[in-house]
Number of protein chains: 2
Amino acid sequence: MRLGTVRREGGGTQAFRQNGGTTTYFDVPDAGALLERSDWSSLSGKQGPEPLPEELAPPITRPGKFVCAGLNYFDHAREVGKNAPAYPTLFAKTTNTLLGARDDIQLPEREQSTRVDWEAELVIVIGMTVRNAAADAAAKAILGYTAMNDVSVRDWQKRTEEWFQGKNFDATSPVGPFIVTADEIDPAEGLSVQCLVNGSLMQSGRTDDMIFSCRELVAYISQFMTLEPGDLIATGTPAGVGAGRTPQEFLKPGDELITRIEGVGELRNFCR
Amino acid sequence: MRLGTVRREGGGTQAFRQNGGTTTYFDVPDAGALLERSDWSSLSGKQGPEPLPEELAPPITRPGKFVCAGLNYFDHAREVGKNAPAYPTLFAKTTNTLLGARDDIQLPEREQSTRVDWEAELVIVIGMTVRNAAADAAAKAILGYTAMNDVSVRDWQKRTEEWFQGKNFDATSPVGPFIVTADEIDPAEGLSVQCLVNGSLMQSGRTDDMIFSCRELVAYISQFMTLEPGDLIATGTPAGVGAGRTPQEFLKPGDELITRIEGVGELRNFCR
């Protein structure tokens, strides 16, 4: 099953569900609001045509929490010269950053930064309230998955000890195209994660290279915070980021960024 | 003027405004929802008795963003052995952490951590949408101030490069008691910031010792993100944290934590 959010003419947004060939629309503003209903998977709505990619908003437009794991692929940790860490490295993303699957990425002004980098990532969508979850409960709390590009402003990320400011520029993080439920895909089996810039393959990893698996991340985070339906957890990026290349490469106006995760779908965003 | 949020029997919350001796209640769930109305300062509501401290919820129960500055007092930077930084160090707090002015602080289980520390802080409340604000616009965007204790789980904070996990344990951050509007107090004049544990004065700083002033923080953060009404910015803590003392001291069950900011008010929370 797929869940997502479309933009409507006039400025509103609306949640949808896809099951088999049928698309059903609901009078709630996003897939997050749909997930607050325990009967979301069987709820009646209004059938309609499949949404166009250009109409897609982030599936969850205002997540209660958006926790991101850094340094979570063995190959990316090697690329940035770090050992595999003992604990997940975590930071947060705020809603001002979020874009739909085809929205333009807003690069910082040239005088602010020219070191804007890509990070294709699988994102976990929480479907159940959990705290102190053991592995089984953590697995059950995962409703599904979506894709993101955690576009990062490297010099701002490194200005201080904390990455937050380089990760939270307005309109830099495309998310989507929709949520695919966990019965359809399993990251432990190794889904391909790819990032292309102007057609060139920059990142090509597999989700079974994660240092902390999806259920391990959910279990770990739930040791200190209650996770709730609609919360998002980004799972880190594989090797091939621009700052890790020789010579380094960064995004510039006009570049097309494609983020592709096997079984989840594709984001296609131009930089402006 | 003061703005705040009270808990009602049956589980709901309600915003209030205090002006002179009059308390007015509104049918919106928190002061954040009240601030979404441009006429919040003159809006009619229902007059009622002054709220009891025990009834207070965090003034803004679900802030759109809660950005926190670390290492922002000269005396605290010295205490932790750092030079004054060139840029503000920023991280985020999530809503699961927030408590009212008299709520109990939920310490981690003993086997999780016994290194739980205090950080009394002044918090800026944004009243206007701003991006790329110059100093004047940044000052105008500040609606008012509230207090917080950014109770921090030090060993989790230091597990990785990112502080996020040590700063976001459930039910650890009392905020309030209410918002005091910026026409009544000016942190640039040096408001006293104090933290007491079981009656002993642990922190005693002044807001004019901040490395980045309130308006500088707003201006800086607005360079990368759009700030909106109800967003919160914590401004860092002065010297005297438990980890900086010899010997180190940490919070334990039964401790009473008082957080007091001149002109803003007092938080009084027991640890359990």
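Values below: every heavy atom of this structure, side chains too, minus hydrogens, waters and symmetry copies. Lettering of chains follows the sequences in order, A, B, ..., and the numbering in each one begins at 1.
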Worksheet item: Which pairs count as ring-ring contact (aromatic ring centres under 6.0 Å, His included) when at least one residue sits in residues 88-117 of chain A, sequence neighbours excluded?
Response: A/F91-A/W163

Worksheet item: Does the pair B/R115 and B/D155 meet the rule for a salt bridge (charged side-chain N to carboxylate O under 4.0 Å, His left out), with working shown?
Response: CA-CA 6 Å; B/R115 298 174 61 82; B/D155 40 359; 5.0 Å; no

Discussion item. Show the nearest heavy-atom pair for residues A/M148 and A/T259, with the distance to one decimal.
Written reply: O-CG2, 3.6 Å

Worksheet item: Roughly how far, to the nearest 0.5 Å, is CD1 of B/I179 from CG of B/L35?
Response: 5.5 Å

Worksheet item: Are the side chain of A/T237 and the backbone N or O of A/A120 linked by a donor-acceptor pair below 3.5 Å?
Response: yes

Worksheet item: If you count heavy-atom pairs under 4.5 Å with chain A, which of B/T94, B/N132, B/L90, B/T172 comes out on top?
Response: B/L90

Response to the item:
So, the part of B/V153 with a heavy atom under 4.5 Å from chain A: the answer is neither

Worksheet item: So which heavy atom on A/N149 is nearest to which on A/E119, and how close?
Response: OD1-N, 2.8 Å

Item to complete: Please look at B/T226 and chain A and tell me whether the side chain, the backbone, both or neither of the residue comes under 4.5 angstrom of a heavy atom of that chain.
Response: both

Fill in: A/V241 and A/S152, any side-chain heavy atoms less than 4.5 Å apart
no

Worksheet item: What part of A/Q165 lies closer than 4.5 angstrom to a heavy atom of chain B: side chain, backbone, both or neither?
Response: both

Worksheet item: Can you name the residues of residues 73-86 of chain B that have some heavy atom under 4.5 Å away from a heavy atom in chain A?
Response: B/K82

Discussion item. Could you report the tightest heavy-atom contact between B/G100 and B/N269, atom names first, then the distance?
Written reply: O-ND2, 3.3 Å

Worksheet item: With a cut-off of under 6.0 Å to the ring centre and 45° to the axis, is A/R37 in cation-pi contact with A/W40?
Response: no

Worksheet item: Between B/R62, B/K93, B/R131, which shows the greatest number of heavy-atom pairs under 4.5 Å with chain A?
Response: B/R131

Practice prompt. Specify which of B/E228, B/E162, B/K167 makes the most heavy-atom pairs with chain A at under 4.5 Å.
Written response: B/E162

Worksheet item: Can you name the closest pair of heavy atoms from A/L227 and A/K65 and give their distance?
Response: CA-NZ, 4.1 Å

Worksheet item: Around atom CZ of A/R159, are there more than 12 heavy atoms of other residues, nucleotides or ligands at under 6.0 Å?
Response: yes

Response to the item:
Among residues 215-223 of chain A, those lying within the under-4.5 Å heavy-atom range of chain B are A/Y220, A/Q223

Worksheet, complete the sentence: If you tally heavy-atom pairs under 4.5 Å between each of A/T97, A/T95, A/T89 and chain B, the highest tally belongs to A/T89

Worksheet entry | Atom pair CD/CG of B/E36 and B/D30 - distance to nearest 0.5 Å | 8.0 Å

Response to the item:
Residues pairing under ring-ring contact (aromatic ring centres under 6.0 Å, His included) where one sits in residues 106-144 of chain A, two or more places apart or in two chains, turn out to be none

Discussion item. Between B/Q112 and chain A, with a heavy-atom cut-off of 4.5 Å, which part of the residue counts as in contact: side chain, backbone, both or neither?
Written reply: side chain

